[in-house]
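Here is the structure we will look at, set down as C-alpha cells.
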Amino acid sequence: MEHLTGGGAPLLGEPPPVELANTVYAARGRRKEGLQTVEHLAAWLRDMRPRLAVELDDADIHGVTDRDLRLTRELRDAVRTLCAAAVEGHDLDPDAVATLNRHAGQSPRWHELRTVPEPHTVVCSKGRPVSAAFAALAEDAVDLFAGPSCCRLRVCHAPGCVLYFVRDIPRREWCSPGCGNRARAARHYAKVRKEPDD
C-alpha cells in the first residue's frame with residue numbers, strides 16, 4: 001500500500017533497499033528528492049523502523065546528522081544504479097558495488113538471545129544504531145542483487161514514474177495501484193484522441 005513519508009517519498013511495501021532507492025521519485029513527471037533534509041531522513045527512518053534489521057528508538061532517529069544524510073544518499077544512489085543495471089540486464093557498475101560493500105561493512109552487528117518476556121532475538125551493534133541500521137540495509141541490498149529477487153526487480157511502466165519494485169505477480173507492471181490507474185487512464189485518453197469523430 002502506497003503512502004508518503006514526512007519527506008514525501010512513497011513507501012510501497014517493497015524490500016527496504018528498494019524503498020531506499022525509491023526516495024528519488026517523480027511527482028507530476030518531475031524527479032523529486034525525498035531525502036532533502038535530516039528531518040526527511042528522520043521521517044523515513046521512523047516510517048521504516050518496523051522493517052529495518054536494527055532497532056531504532058526515537059532518540060536514535062532524532063540524532064540523525066548531516067553526515068548520515070550524505071551517507072544515506074550515497075548508499076541510495078548506489079542502490080539506484082544497481083537497480084537500473086539489473087532491470088536493463090547490464091553488468092552491475094563496479095563503483096556502485098564498491099560503495100554498497102563499503103556501507104555493508106560499516107558497523108559490526110550480531111544477534112543476541114533475550115529471554116524476557118519470552119525467548120527472542122535482538123540485533124545488537126557497536127557504534128551508532130543509525131549507522132548500524134544503514135549497514136544492515138546495505139547488507140539487505142547485497143542479498144537483493146545477489147539473490148533470486150534481483151531477477152524480479154522492475155521499473156514502473158507508468159508515464160513519468162521512476163520507482164522500482166520487486167514483481168510479486170507475473171502481470172504486475174506498476175509500482176502501485178495509483179500508477180496502474182494513471183497508466184490505464186493515459187492509454188484510454190490516447191485511444192479516444194486517435195478515434196475519428198463520427
Side-chain angles (χ1 to χ4, degrees), residues 1-5 7-36 40-41 43-45 47-54 68-107 130-131 133-180 182-183:
M1 168 86 42
E2 178 179 2
H3 79 279
L4 298 179
T5 65
L11 291 178
L12 303 171
E14 296 297 328
V18 177
E19 296 284 18
L20 178 62
N22 288 342
T23 60
V24 169
Y25 62 101
R28 294 185 169 93
R30 291 198 166 134
R31 285 175 78 97
K32 299 282 187 176
E33 171 61 71
L35 300 176
Q36 292 179 22
H40 291 149
L41 176 57
W44 188 83
L45 285 168
D47 290 346
M48 287 294 295
R49 183 172 21 199
R51 298 175 49 210
L52 296 174
V54 174
D68 293 325
L69 179 61
R70 182 180 54 77
L71 292 173
T72 302
R73 286 180 182 166
E74 179 183 70
L75 174 60
R76 187 267 319 274
D77 293 345
V79 171
R80 281 192 67 80
T81 298
L82 296 171
C83 283
V87 166
E88 295 166 8
H90 297 145
D91 291 338
L92 298 179
D93 178 86
D95 291 335
V97 170
T99 298
L100 179 62
N101 289 336
R102 183 170 38 79
H103 280 272
Q106 287 301 305
S107 180
V130 169
S131 299
F134 281 107
L137 188 58
E139 286 181 14
D140 287 348
V142 168
D143 292 340
L144 172 72
F145 294 112
S149 292
C150 186
C151 295
R152 298 190 330 263
L153 192 61
R154 300 289 186 271
V155 67
C156 184
H157 287 279
C161 188
V162 297
L163 299 182
Y164 293 97
F165 64 94
V166 176
R167 182 190 276 179
D168 51 358
I169 55 174
R171 296 184 63 195
R172 183 175 175 194
E173 297 178 43
W174 305 289
C175 65
S176 68
C179 269
R182 285 187 289 279

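In this text the structure is predicted, and so the values were computed from the model without any measurement.
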Query - Residues forming a side chain to side chain donor-acceptor pair (under 3.5 Å) with Arg152, sequence neighbours excluded - result: none
Report summary line: Here the pair of heavy atoms bringing Asp95 nearest to Asp93 is N-OD2, 3.0 Å
Report task. Using modelled atom types only, decide if a donor and an acceptor are shared between the side chain of Arg73 and the backbone of Leu35 within a distance under 3.5 Å. Result -> yes
Report summary line: Output for pair (Arg70 CZ, Leu75 CG), nearest 0.5 Å, gives 12.5 Å
Requested in this report: Go through the steps to decide whether Cys161 and Trp174 satisfy the test side-chain contact (heavy atoms from CB on, under 4.5 Å), and finish with yes or no.
Outcome: CA-CA 9 Å; Cys161 188; Trp174 305 289; over 6 Å; no
Query raised in the report: Any donor-acceptor pair under 3.5 Å linking the side chain of Glu173 with the backbone of Gly180?
Result: no
Requested in this report: May I ask you to decide if Ala21's main-chain N or O and Arg80's side chain share a donor-acceptor pair within less than 3.5 Å?
Outcome: yes
**Report entry** Closest non-hydrogen atom pair, Ala9 against Asn22
**Finding:** CB-O, 4.3 Å
Query raised in the report: Of all residues at least two apart in sequence or in a different chain, which pass the salt bridge (Lys or Arg N to Asp or Glu O under 4.0 Å) check with Asp168?
Result: Arg172
Report summary line: Closest non-hydrogen contact found for Leu100 with Ala78 is N-CB, 4.5 Å
Report task. Begin from the C-alpha positions of His103 and Glu139 and carry the test side chain to side chain donor-acceptor pair (under 3.5 Å) through to its verdict. Result -> CA-CA 8 Å; His103 280 272; Glu139 286 181 14; over 6 Å; no
Report task. Return the set of residues passing salt bridge (Lys or Arg N to Asp or Glu O under 4.0 Å) with Asp140 (not counting sequence neighbours), or none when no residue passes. Result -> none
Query raised in the report: Rounded to the nearest 0.5 Å, how far apart are CZ of Phe165 and SG of Cys156?
Result: 6.0 Å
Query raised in the report: If you round to the nearest 0.5 Å, how far is CD of Glu88 from SG of Cys83?
Result: 11.0 Å
Report task. For side-chain contact (heavy atoms from CB on, under 4.5 Å), just list the numbers for Val18 and Val166, CA-CA rounded to whole Å, side-chain angles, deciding distance to a tenth of an Å, and then say yes or no. Result -> CA-CA 8 Å; Val18 177; Val166 176; 4.2 Å; yes
Query raised in the report: What are the two closest non-hydrogen atoms of Glu33 and Val24, and how far apart are they?
Result: OE1-CG2, 4.4 Å
**Report entry** Test salt bridge (charged side-chain N to carboxylate O under 4.0 Å, His left out) applied to Arg102 and Glu74, step by step
**Finding:** CA-CA 11 Å; Arg102 183 170 38 79; Glu74 179 183 70; 3.2 Å; yes
Report summary line: Here the pair of heavy atoms bringing Ala104 nearest to Val142 is CB-CG2, 4.4 Å
**Report entry** Heavy-atom donor-acceptor pair, Gln106 side chain to Ser131 backbone, under 3.5 Å
**Finding:** no
Query raised in the report: How close do Trp44 and Phe134 get, heavy atom to heavy atom, and via which atoms?
Result: CZ3-CE2, 4.0 Å
Query raised in the report: Roughly how far, to the nearest 0.5 Å, is the CG atom of Leu137 from the CZ atom of Arg76?
Result: 12.0 Å
Query raised in the report: What distance do Thr72 atom OG1 and Leu41 atom CG have between them, rounded to the nearest 0.5 Å?
Result: 4.5 Å
